[in-house]
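For reference, the structure is listed below as structure tokens.
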Amino acid sequence: MSVDVSTLSDRFTWADYLVFGCMLALSAIIGIIYGCFGKKQDTQEFLMAGKSMTTFPVAMSLIASFMSAITLLGTPSEVYQFGFIYWLIGFSYLLVMPAASYLYFPVFHRLQITSAYEYLERRFHRSVRWLGSFVFIVQMSLYMAIVVYAPALALAQVTGFNVYVSVSLICFVCIFYTTLGGMKAVLWTDALQTVIMYASMMFVIIKGTLDTGGFAEVWQKNVESGRAVLIDFDPNPATRHTFWTLIVGGYFTWITIYGVNQAQVQRYLSVQTKQMAINALYINMVGLFILMITCAFGGMVVYARYADCDPIRSGAVTKGDQLFPLFVMDVLGEFRGLPGLFVAGIFSGALSTVSSGMNSLAAIVLEDFVKAGCFPNLSEEASTWTSRGLSLFFGLLTFGLVFVAEQLGNILSAALSIFGMVGGPLLGLFTLGMFFPWANHIGAFIGGIVSLVFLFWIGVGHQIAKANGQIVQERMPTSIAGCDGFNFTTTTTIAPEVIEDPGEPLGLYKLSYMWYSATGCFTVIVVGMLVTLVTGMTDVSTIDPRCISPAVFWFRRWIPGIQGLKDPPADDDDDMKISAQNGSINITTQNGNINPGYEADAGEKGQGGQFRYLSEKESTGL
């Protein structure tokens, strides 16, 4: 068996470039179809697909939006270096999707808002809305930069793709079809790209498994190396990956995304009925679980192939994130077009995430800062063009932030760390509002600020301690004893470096990054409720009951102090069909009537439609 790294890029032939180019062309064509030949786009059409989508494209888009190149490249690398235990994170999805479907999503569905952060104004105050929106903009901008940079860097060394050519392709193709085609283009390109991702990953891993001697041989080699650990109940929160960090910590990490993240909430509200959104979430759960297990097993296959000659220690690659592309070119290089399919799959993951991010950021800035701040009477046409301009701006910003992403190290932990440090406080704000009716806006605002400062202190402290050698991630054993059987032409020898004992870091800096989101969420809740107790609790009778999670009403008889909370509108809107056109919201139920407790308020033409909750007096006419 021979792996000549110097010739790997030569294996990327004209057929591979053709396959890769076809994927980019199809994405662009979808944008052209919806931008030039579809319905005339108003703001609702551009940002919410006119609330006309069905289950399949939304389910595929939910999978694609955050199962990006980070998952496809980072998960095999994670398993290769740290062991198969990471597979447990897949079981956190079994908790996340029901929670998102029945605890968080119903609130957004009842309110029918374009920006998820409008909820924070309705429940608390405009200052809390702006805080949440600003934090999300920072979070998503950094995440998109990582998503763009990760595949570009990993593929550069093993395929010959120039890093900045790759970055430019992703950014500018995304800018083109997202700015032109809006949400419908994003959803349908996501669906296409999800199919490409699955096809490429499945083929690569099946072919690699067969080449290595089959499943039994792959498993045996991983057992011998200690990688095939299925579960670890170590309760120490400093242990990087255990049952508790991956399932409990993973729940808080992923509910941040699927429960309250703008990019996902926007997709839920682009469908015609509530049940379609819930169905999409469950399809997404199955798809995510399969993809995660597949990628984790891919890491075992990579180790089995290089068990006797570690590509990192031998110098074949410089970073763990390049292991899987090296493996792909090694396994598929002899087949024209197949490496191109894999590259298309990796770039599909990046394209889907960035396009989703651009569209959601445009919605946030338009709704939370332009319409709710500077220009409340912006016309429909101006809103649509502003949305396009904002999509363009965030695409260009992503390109610029790639240079920041270069400094963030391991892509998987970097991405999840950002979601924990920033997403945790955001989850806390929404959870405080939905599950704690007594909380006031002062508590929410101060809790959010304290949580952000606390999490960034831990996260930055961890990075500094790691850079100083105080925190060292113990990797699984590897060998270079068999490298004579490989033709690694770039092999280098690194002399061992003698380092003085750097000392012990602060205990909090050792906290596993998988606990960041949970820590941020509970910090908001604890601080928010303490401040509320000092400054005065909210009178629950004044709260719009649509802003409270259904779970509170399920258990209200056992919760003291909420007897004055009004009942929400009857939950008979499962078959309520919602559509938007020319700035108006159209609502149809099974019996053709507007759902009791709601008033359809389209406002002036061009201002978008809203639902207004009617008080008991208004709805009964008393």
Do you know the tightest heavy-atom contact between [X] and [Y]?
X: Ser141; Y: Leu397; value: OG-CD2, 3.8 Å
X: Leu390; Y: Leu366; value: CD1-N, 3.8 Å
X: Gly250; Y: Met514; value: CA-CE, 3.6 Å
X: Glu118; Y: Asp368; value: N-OD1, 4.2 Å
X: Val524; Y: Gly447; value: CG2-O, 3.6 Å
X: Leu95; Y: Pro98; value: O-CD, 3.5 Å

Quick one: pull up [atom1] in [X] and [atom2] in [Y] and give me the separation to the nearest 0.5 Å.
X: Leu246; Y: Leu88; atom1: CG; atom2: CG; result: 5.5 Å
X: Ile247; Y: Thr242; atom1: CD1; atom2: OG1; result: 9.0 Å
X: Leu511; Y: Leu455; atom1: CG; atom2: CG; result: 9.0 Å
X: Thr114; Y: Gln266; atom1: OG1; atom2: CD; result: 7.5 Å
X: Ser92; Y: Met285; atom1: OG; atom2: CE; result: 11.5 Å
X: Leu131; Y: Leu426; atom1: CG; atom2: CG; result: 7.5 Å

Notebook entry, point to check: Between Arg122 and Asp544, is there a salt bridge with N-O shorter than 4.0 Å?
Noted result: no
Notebook entry, point to check: Are Asp567 and Arg556 ion-paired here, with the side-chain N under 4.0 Å from a carboxylate O?
Noted result: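 So Asp567 pairs with Arg556 through a salt bridge.
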Could you tell me if [Y] and [X] have a donor-acceptor pair between their side chains, going purely by distance under 3.5 Å?
X: Ser517; Y: Thr256; answer: yes
X: Asn279; Y: Thr55; answer: no
X: Ser101; Y: Tyr258; answer: no
X: Tyr513; Y: His241; answer: yes

Item checked: Pairs where residues 438-459 contributes a residue and the test side chain to side chain donor-acceptor pair (under 3.5 Å) is met, not counting sequence neighbours ->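 Passing the test, one end in residues 438-459: Asn440-Thr532, Asn440-Thr535, Trp457-Tyr509.
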Side-chain contact test, heavy atoms from C-beta onward, threshold under 4.5 Å: evaluate it for [X] versus [Y] and give yes or no.
X: Leu565; Y: Phe553; answer: yes
X: Leu281; Y: Tyr268; answer: yes
X: Trp244; Y: Pro237; answer: no
X: Val271; Y: Thr54; answer: no
X: Thr538; Y: Pro437; answer: no
X: Thr253; Y: Tyr516; answer: no
X: Trp515; Y: Phe252; answer: no
X: Ile283; Y: Phe56; answer: no

Next item on the list: Answer with yes or no after comparing the ring centroid distance for Tyr117 and Phe430 against a 6.0 Å cut-off, counting only values under it.
Entry: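 Ring centroids of Tyr117 and Phe430 are less than 6.0 Å from each other.
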Margin query: For Phe289 together with Tyr93, are the ring centres under 6.0 Å from each other?
Written below: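 When the ring centroids of Tyr93 and Phe289 are compared, they turn out to be at least 6.0 Å apart.
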Next item on the list: Check whether more than 12 heavy atoms from other residues, nucleotides or ligands sit under 6.0 Å from atom OH of Tyr282, and answer yes or no.
Entry: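 Enclosed.
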Is the backbone N or O of [Y] less than 3.5 Å from a side-chain atom of [X], with the two atoms forming a donor-acceptor pair by type?
X: Glu367; Y: Ile364; value: no
X: Arg267; Y: Ala280; value: no
X: Tyr119; Y: Cys547; value: yes
X: Gln139; Y: Val422; value: no
X: Glu121; Y: Trp130; value: no
X: Lys274; Y: Pro106; value: no
X: Ser549; Y: Val552; value: no
X: Arg129; Y: Leu120; value: no

Checklist line | Worked verdict on Leu361 versus Phe393 for side-chain contact (heavy atoms from CB on, under 4.5 Å) | finding: CA-CA 10 Å; Leu361 287 168; Phe393 169 77; over 6 Å; no
Next item on the list: Name all residues meeting the side chain to side chain donor-acceptor pair (under 3.5 Å) criterion together with Thr194; count only those two or more places apart in sequence or in a different chain, and write none if there are none.
Entry: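 For Thr194, no residue satisfies side chain to side chain donor-acceptor pair (under 3.5 Å) once neighbours in sequence are set aside.
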Notebook entry, point to check: After noting the C-alpha distance and the side-chain angles of Thr431 and Phe522, does the key distance pass the side-chain contact (heavy atoms from CB on, under 4.5 Å) rule?
Noted result: CA-CA 9 Å; Thr431 303; Phe522 283 110; over 6 Å; no
